[in-house]
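Have a look at the structure below, then the notes.
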Amino acid sequence: MGCVCAKPVPIEDSRESPKARQVAPSVAPAQGIAPAKISASAAVSSSRREELTAVRLTSASIAERKQGSRPVSLNNRDAEMRTERQVHPNHQQLRLVGSIAKAGEGEQVAAGWPAWLVAVAGEAIRGWIPRRADSFEKLDKIGQGTYSSVYRARDLGNGKIVALKKVRFDSLEPESVRFMAREIHILRRLDHPNIIKLEGLVTSRMSCSLYLVFEYMEHDLAGLASYPGIKFTEPQVKCYMHQLLCGLDHCHTHGVLHRDIKGSNLLIDNNGILKIADFGLASFFDPEQQQPLTSRVVTLWYRPPELLLGATTYDVAVDLWSTGCILAELYAGKPIMPGRTEVEQLHKIFKLCGSPSDDYWKKSKLPHATIFKPQQPYKRRVAETYEDFPAPALALMEVLLSIDPADRGTAASALKSEFFTTKPLLCDPSTLPKYPPSKELDAKIRDEEARRQGAVGGKLQRSDLERGGLRESRAVPAPDANAELSVSVKKWKNQGNSISRSEKFNPHQEEVASGFPIEPPRPTRNLEATELSHGHYSQKSSHSGPLVNRGQWATARKNDDAALKLSSAANLSSLSGLVAARRNAFLDVSERNSSQLENTGASGRLSESGNERLERRYDQLFHGVSQRKEDESDSYMNQSLHPGFGPKGNKIHYSGPLPRPSGNVDQMLKDHDRQIQEVVRRARIDRSKARKNQGEGNLAGPSIKPYNLGVIPVYPSSRSSVMVFTSSRGSIQQ
Ligand SMILES: Nc1ncnc2c1ncn2[C@@H]1O[C@H](COP(=O)(O)OP(=O)(O)OP(=O)(O)O)[C@@H](O)[C@H]1O
């Protein structure tokens with residue numbers, strides 16, 4: 001390992017337990033990476049050089065002061081220094097450590113790391129040297145996450161195929177860099193066959209982007225599970241579950257909570273080995289000394305009730321809940337609780353697992369308890385819902401899906417459960433069938449292609465998709481999952497300049513800066529994927545075109561992804577996610593042409609001018625169109641938890657805790673329906689007016705055409721759905 005001491009930068013969540021940091025084993029050296037050639041002696045001698053420079057500077061400043069308006073005598077200065085020595089007897093050592101840290105930073109920069117990374121995340125890269133972008137050949141895009149794009153690439157040094165994860169962050173924002181560096185730091189701490197191995201980092205001194213180099217994995221569990229025709233056997237399910245729990249046990253015993261266990265983060269190679277990936281939301285924790293953490297983590301479908309209820313002190317049980325969801329999903333063949341909103345998610349949980357006991361409500365003191373506690377308790381129905389499941393699987397599910405986190409046990413106890421000791425036993429990974437590469441992204445592309453064809457050929461019903469072996473394979477990442485980041489994201493949004501986020505994250509610029517050649521679109525891959533891979537936000541987005549083309553749609557979807565992180569004024573109605581997404585995209589696009597978002601303090605409302613007008617315009621046009629009442633089974637949630645509309649149907653922006661329901665919900669829903677009809681009618685009129693204007697050659701109409709609903713493919717409630725609840729409710733912890 002290289003340098004003696006990097007600057008002690010807090011790279012983890014500031015709420016992380018300091019003890020967890022202390023007990024952390026030292027960062028494991030990476031395989032295949034030459035350690036930085038930064039020797040202790042080099043660091044010390046360079047620190048001495050620095051000390052000498054510092055002495056020279058001190059003398060210079062004293063001389064300067066002597067000449068200045070407030071003369072300081074040498075004697076005074078000496079006295080100051082003497083006092084300093086008395087107050088800090090070990091100040092010499094402190095100065096030495098500080099100097100060494102600085103020297104360490106200097107060495108890291110000299111080793112090729114960019115200064116912005118060294119300045120805030122020296123610890124995460126300690127002992128490593130960066131790989132050069134031109135030492136890899138990018139082959140194709142294999143994954144698209146909320147905060148990253150993942151590519152298959154060839155390491156030109158040894159011919160090995162690797163996965164390059166390009167993480168999205170703002171190198172000018174220390175917070176954003178720190179957040180990204182936490183993933184690296186955590187990955188380096190873990191070393192287990194069932195945890196993805198970080199093999200290196202690609203960046204350069206001049207670059208403002210960063211690629212994480214991972215071993216390449218052919219599949220992810222979400223992609224495999226949704227592949228038409230693939231049905232897992234019971235030994236196979238046990239084999240995957242066993243590996244998942246082994247990996248999780250390693251995380252937990254090393255003080256790491258994953259906080260985003262889901263199918264697309266469980267990678268599987270051609271030898272059947274499962275590895276837990278995506279530590280972007282992971283955090284250090286210390287069971288002995290719990291520190292508050294954000295509750296806005298874990299992808300909605302896999303999020304435990306305590307987080308939905310706002311818990312900020314939690315532990316390994318959050319990952320065990322997600323594991324329970326995965327286990328049930330593998331048997332059921334589809335996600336068991338695909339909620340579209342946090343409220344709906346909680347309702348689905350209560351309906352299946354029962355509502356918490358009175359004791360639990362009392363002891364847990366969860367922030368949202370008063371709002372979400374149902375008047376009548378819900379009965380647990382896991383066993384009757386899944387009566388066809390094998391008994392040992394059901395028994396393990398019952399434990400993992402316990403409402404009270406204390407009842408979920410540990411990964412180690414799950415590994416000892418009957419599930420793994422009763423026949424049929426788990427199979428050896430090497431005996432598992434070989435599959436064609438299947439990733440969540442492939443599943444998404446397949447689904448979207450089918451949907452597009454359906455939309456072209458006529459109305460595509462949800463049932464058609466399911467009959468064709470298609471289903472929603474992607475759970476939407478935690479709304480505002482990156483809660484720690486959202487603060488800095490908001491800052492970017494509020495920056496009073498005209499550069500949009502799109503310009504900041506223009507992949508083309510970044511590709512060039514990072515040294516990767518820009519590839520032409522690959523004809524072998526679906527255009528949609530190419531657009532996702534290479535498209536960038538149009539800097540002069542045209543709003544005057546009459547139809548949405550695929551590029552615009554892809555752009556809007558990219559904006560949706562950005563909006564997922566940025567949504568600061570999401571409403572609490574039951575808008576379909578797609579509409580919420582389009583709304584955010586609409587505002588995002590419009591923002592570039594008009595006003596900046598202004599957060600007016602506690603209310604969280606947008607400024608009266610500019611965006612509020614845009615919002616209102618959007619809502620007038622689209623709000624009603626896709627809005628639908630919750631289905632019958634969700635009526636409780638409508639009543640208790642959906643007070644998003646005032647008595648006159650006006651949308652209310654909540655930023656504080658939800659008010660208690662008014663009680664007159666029926667009337668509210670009726671008013672709401674009436675309002676929808678009115679808005680649809682007005683939207684029709686507006687559209688026909690706009691068409692007429694176009695016919696007359698007047699293209700200066702409202703900039704809404706890219707979202708013309710008539711030409712957007714019909715998507716069933718899908719991945720963007722949970723965006724609705726990326727709300728700015730103050731009651732949700734950041
Ligand atoms: N090492 C790898 N080998 C092959 N594919 C990978 C690898 N790492 C990631 N992927 C693919 O890329 C996708 C996105 O990666 P990852 O989950 O790490 O990104 P993310 O931005 O954190 O995603 P999310 O939005 O789901 O949290 C994965 O679902 C997977 O399909």
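- A side chain to side chain contact (heavy atoms under 4.5 Å, CB included) with Leu210 holds for exactly one of Val202, Val177, Val167, Ile125; it is Val167.
- The shortest heavy-atom contact between Pro367 and Gly310 is CG-O, 3.1 Å.
- With a 4.5 Å cut-off on side-chain heavy atoms, Asp260 and Lys262 count as touching.
- Side-chain N/O atoms of Tyr314 and Arg259 include a donor and acceptor closer than 3.5 Å.
- Side-chain contact between Cys251 and Ile195 is present, with at least one heavy-atom pair separated by less than 4.5 Å.
- For Thr323, the side chain to side chain contact (heavy atoms under 4.5 Å, CB included) partners at least two apart in sequence or on another chain are Met241, Leu244, Leu245, Leu248, Ile261, Leu400.
- Within the 4.5 Å cutoff, the side chain of Leu212 has heavy atoms near those of the Leu201 side chain.
- Note: Phe285 and His252 have perpendicular aromatic rings, judged against thresholds of 30 and 60 degrees for the angle between ring planes.
- Trp113 places no side-chain N or O within donor-acceptor distance of the main-chain N or O of Glu107, the cut-off being under 3.5 Å.
- Rounding to the nearest 0.5 angstrom, the gap separating the CG atom in Leu309 from the OG atom in Ser295 is 9.5 Å.
- In this structure, the side chain of Gln345 does not engage the main chain of Thr341 through any donor-acceptor pair within 3.5 Å.
- Put simply, the side chain of Met217 reaches to within 4.5 Å of the side chain of Ile196, judged on heavy atoms.
- The aromatic rings of Trp116 and Phe169 sit tilted relative to each other, their planes meeting at an angle between 30° and 60°.
- Smallest separation of non-hydrogen atoms from Ile184 and Ala124: CG2-O, 3.7 Å.
- Between the side chain of Glu215 and the backbone N or O of Lys197, at least one donor-acceptor pair lies under 3.5 Å.
- A donor-acceptor pair is defined here as one N or O able to donate and one able to accept, closer than 3.5 Å; such a pair exists between the side chain of Thr294 and the backbone of Arg296.
- By the 4.5 Å heavy-atom criterion applied to side chains, Val297 and Leu307 are counted as neighbours.
- Put simply, the side chain of Ser176 never gets that close to the backbone of Leu172: no donor and acceptor are under 3.5 Å apart.
- Contact check for Leu164 versus Phe136: side-chain heavy atoms found under the 4.5 Å cut-off.
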Passes side-chain hydrogen bond (donor to acceptor under 3.5 Å, both in side chains), Asp220 versus Ser264? Steps please.
CA-CA 5 Å; Asp220 64 50; Ser264 61; 5.7 Å; no
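- With sequence neighbours excluded, the residues that form a side chain to side chain contact (heavy atoms under 4.5 Å, CB included) with Thr253 are Asp249.
- Electrostatic pairing of Glu183 and Lys165 counts as a salt bridge here, judged by a charged N lying under 4.0 Å from a carboxylate O.
- Rounding to the nearest 0.5 Å gives a distance of 5.5 Å between CG of Leu198 and CG of Leu187.
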Could you walk me through whether Ile276 and Asn265 pass the side-chain contact (heavy atoms from CB on, under 4.5 Å) check?
CA-CA 6 Å; Ile276 302 174; Asn265 287 338; 5.8 Å; no
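- A 4.5 Å side-chain heavy-atom check between Leu293 and Leu257 finds at least one atom pair inside the cut-off.
- In this structure, the separation between OG1 on Thr313 and NZ on Lys365 is 10.5 Å, given to the nearest 0.5 Å.
- Between Glu342 and Arg303, at least one side-chain nitrogen of the basic residue sits less than 4.0 Å from a carboxylate oxygen of the acidic one, meeting the salt-bridge criterion.
- In terms of the side chain to side chain donor-acceptor pair (under 3.5 Å) criterion, residue partners of Asn194 (sequence neighbours excluded) are, by chain and number, Gln243.
- When all heavy atoms of Thr203 and Ser209 are compared, the closest pair comes out as OG1-O, 2.9 Å.
- When every heavy atom of Val109 is checked against every heavy atom of Ala115, the shortest pair comes out as CG2-CA, 4.1 Å.
- Every residue two or more places apart in sequence or in another chain was checked for a side chain to side chain donor-acceptor pair (under 3.5 Å) with His250, and none qualifies.
- Counting all heavy atoms, side chain and backbone alike, Pro130 lies closest to Ala111 at CD-O, 3.5 Å.
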Glu306 and Val318: CA distance, side-chain angles, deciding distance, side-chain contact (heavy atoms from CB on, under 4.5 Å) verdict:
CA-CA 8 Å; Glu306 65 272 21; Val318 296; 3.6 Å; yes
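- In this structure, His368 and Leu308 approach most closely via the heavy-atom pair CD2-O, 3.5 Å.
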Start with the C-alpha distance between Val150 and Tyr211, add both sets of side-chain angles, then the distance that settles side-chain contact (heavy atoms from CB on, under 4.5 Å), and finish with yes or no.
CA-CA 9 Å; Val150 184; Tyr211 289 78; over 6 Å; no
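- Residues satisfying the side chain to side chain contact (heavy atoms under 4.5 Å, CB included) criterion with Pro174, sequence neighbours excluded, are Val120, Arg178.
- For Pro305, the side chain to side chain contact (heavy atoms under 4.5 Å, CB included) partners two or more places apart in sequence, or in a different chain, are Trp321, Leu346, Ile349, Ile403, Arg408.
- With a 4.5 Å cut-off on side-chain heavy atoms, Phe214 and Val162 do not count as touching.
- In this structure a side-chain-to-backbone donor-acceptor pair under 3.5 Å is present from Arg188 to Arg126.
- The ring-ring contact (aromatic ring centres under 6.0 Å, His included) test with Phe284 is passed by exactly one of His254, His258, His185: His185.
- Interatomic distance, CG of Leu300 versus CZ of Arg340, reported as 11.0 Å (0.5 Å rounding).
- Gln108 places a side-chain N or O within 3.5 Å of a backbone atom of Gly122 that can act as its donor or acceptor partner.
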Test side-chain hydrogen bond (donor to acceptor under 3.5 Å, both in side chains) on Lys166 and Ser149 and set out the steps.
CA-CA 5 Å; Lys166 182 181 186 187; Ser149 301; over 6 Å; no
